[in-house]
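All remarks here apply to the structure that follows.
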Amino acid sequence: MEDEGVVKALGALAQAHRLRAFRALVVAGQGGLTPGVLMERLDIPANTLSFHLKELTHAGLVTQTRDGRHLIYRAAFERMNALLGFLTANCCEGADCAVPPPAACATACDC
């Protein structure tokens, strides 16, 4: 992952509604969520949620697909893991880290 993509992804996550929406999509796994479900869970108005989902999509952290009349949003786990990998690539100057990486990151795509 290049610096520009990292800055874009971190910028997208640096807002409370977007961070909450992204985390909800991560929890939902590969099944994803519709905007209606996200609105209910996050208590965010439709137009506000739409804006934030667009920002997450432009940052590559969220994908959108159509299922009939419904839009399904999913966390882009590959991109999320690339971001985490970028942030930890040179952790502890190559020495063993004091804290092991969370196992959930390695298995997030198996949801």
Side-chain angles (χ1 to χ4, degrees):
M1 193 168 201
E2 299 294 322
D3 289 355
E4 186 176 319
V6 170
V7 170
K8 195 172 196 177
L10 291 175
L13 293 172
Q15 201 284 339
H17 289 316
R18 288 193 290 268
L19 181 60
R20 289 177 56 222
F22 181 72
R23 291 184 74 199
L25 292 171
V26 169
V27 170
Q30 291 299 326
L33 297 171
T34 64
V37 172
L38 277 168
M39 282 182 349
E40 283 182 24
R41 289 189 184 175
L42 303 176
D43 194 29
I44 298 174
N47 60 341
T48 302
L49 179 63
S50 177
F51 170 78
H52 292 304
L53 288 172
K54 180 186 66 131
E55 292 298 311
L56 289 168
T57 301
H58 285 310
L61 293 169
V62 168
T63 63
Q64 169 193 318
T65 57
R66 183 166 291 282
D67 182 15
R69 295 184 299 157
H70 301 284
L71 291 175
I72 307 293
Y73 286 90
R74 293 176 179 88
F77 289 106
E78 185 176 310
R79 180 86 167 171
M80 178 188 78
N81 285 331
L83 177 61
L84 292 171
F86 178 89
L87 294 172
T88 60
N90 298 310
C91 181
C92 304
E93 297 181 340
D96 287 338
C97 293
V99 179
C105 293
T107 61
C109 293
D110 295 334
C111 298

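Every value quoted in this text rests on a predicted model; they were computed, and no experiment measured them.
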>> Taking side-chain contact (heavy atoms from CB on, under 4.5 Å) as the criterion, tell me which of Arg18, Lys54, Met39 meets it with Leu49.
In response: Met39

> Counting N and O atoms only, with roles assigned by atom type, does the side chain of Arg74 sit under 3.5 Å from a partner on the main chain of Gln30, one being a donor and the other an acceptor?
Replying inline: yes

>> Main chain of Ala46, side chain of Ser50: is a donor-acceptor contact present, judged purely on distance under 3.5 Å?
In response: no

>> Suppose the criterion is side chain to side chain donor-acceptor pair (under 3.5 Å): which pairs have a residue in residues 4-16, not counting sequence neighbours?
In response: none

> Just wondering, do Arg41 and Leu33 contact through their side chains at under 4.5 Å, heavy atoms?
Replying inline: yes

> What residue pairs, at least two apart or across chains, pass ring pair (Phe, Tyr, Trp, His ring centres under 6.0 Å) with a residue in residues 14-73?
Replying inline: His17-His52

> Nearest heavy-atom pair of Ala59 and Ala9: which atoms, and what distance?
Replying inline: CB-CA, 4.1 Å

>> Counting neighbours of CD on Gln64 that are heavy atoms of other residues, nucleotides or ligands and sit closer than 6.0 Å, is the number greater than 12?
In response: yes

> Would one find more than 12 heavy atoms of other residues, nucleotides or ligands at under 6.0 Å from atom CG of Asp43?
Replying inline: no

> Given the rule that I, L, V, M, F, W and Y join up when any side-chain heavy atoms are under 4.5 Å apart, are Val37 and Val26 in one cluster?
Replying inline: yes

>> Would you say that Val27 contacts Arg23 through its side chain, given a criterion of any heavy-atom pair below 4.5 Å between the two side chains?
In response: no

>> Are Leu71 and Leu53 packed together at the side-chain level, in the sense that at least one heavy-atom pair is separated by less than 4.5 angstrom?
In response: no

> Are Val62 and Leu25 close enough, and set up right, to give a side-chain contact (heavy atoms from CB on, under 4.5 Å), and what steps lead you there?
Replying inline: CA-CA 8 Å; Val62 168; Leu25 292 171; 3.8 Å; yes

> Can you find a pair of side-chain heavy atoms, one from Ile44 and one from Leu38, that are under 4.5 Å apart?
Replying inline: no

> Taking the side chain as C-beta and beyond, is there a heavy-atom pair between Leu61 and Leu13 under 4.5 Å?
Replying inline: yes

> When clusters are formed by joining ILVMFWY residues with side-chain heavy atoms under 4.5 Å apart, either directly or through shared neighbours, do Leu84 and Val7 land in the same one?
Replying inline: no

> Distance from Leu10 atom CG to Leu83 atom CG, nearest 0.5 Å?
Replying inline: 5.0 Å

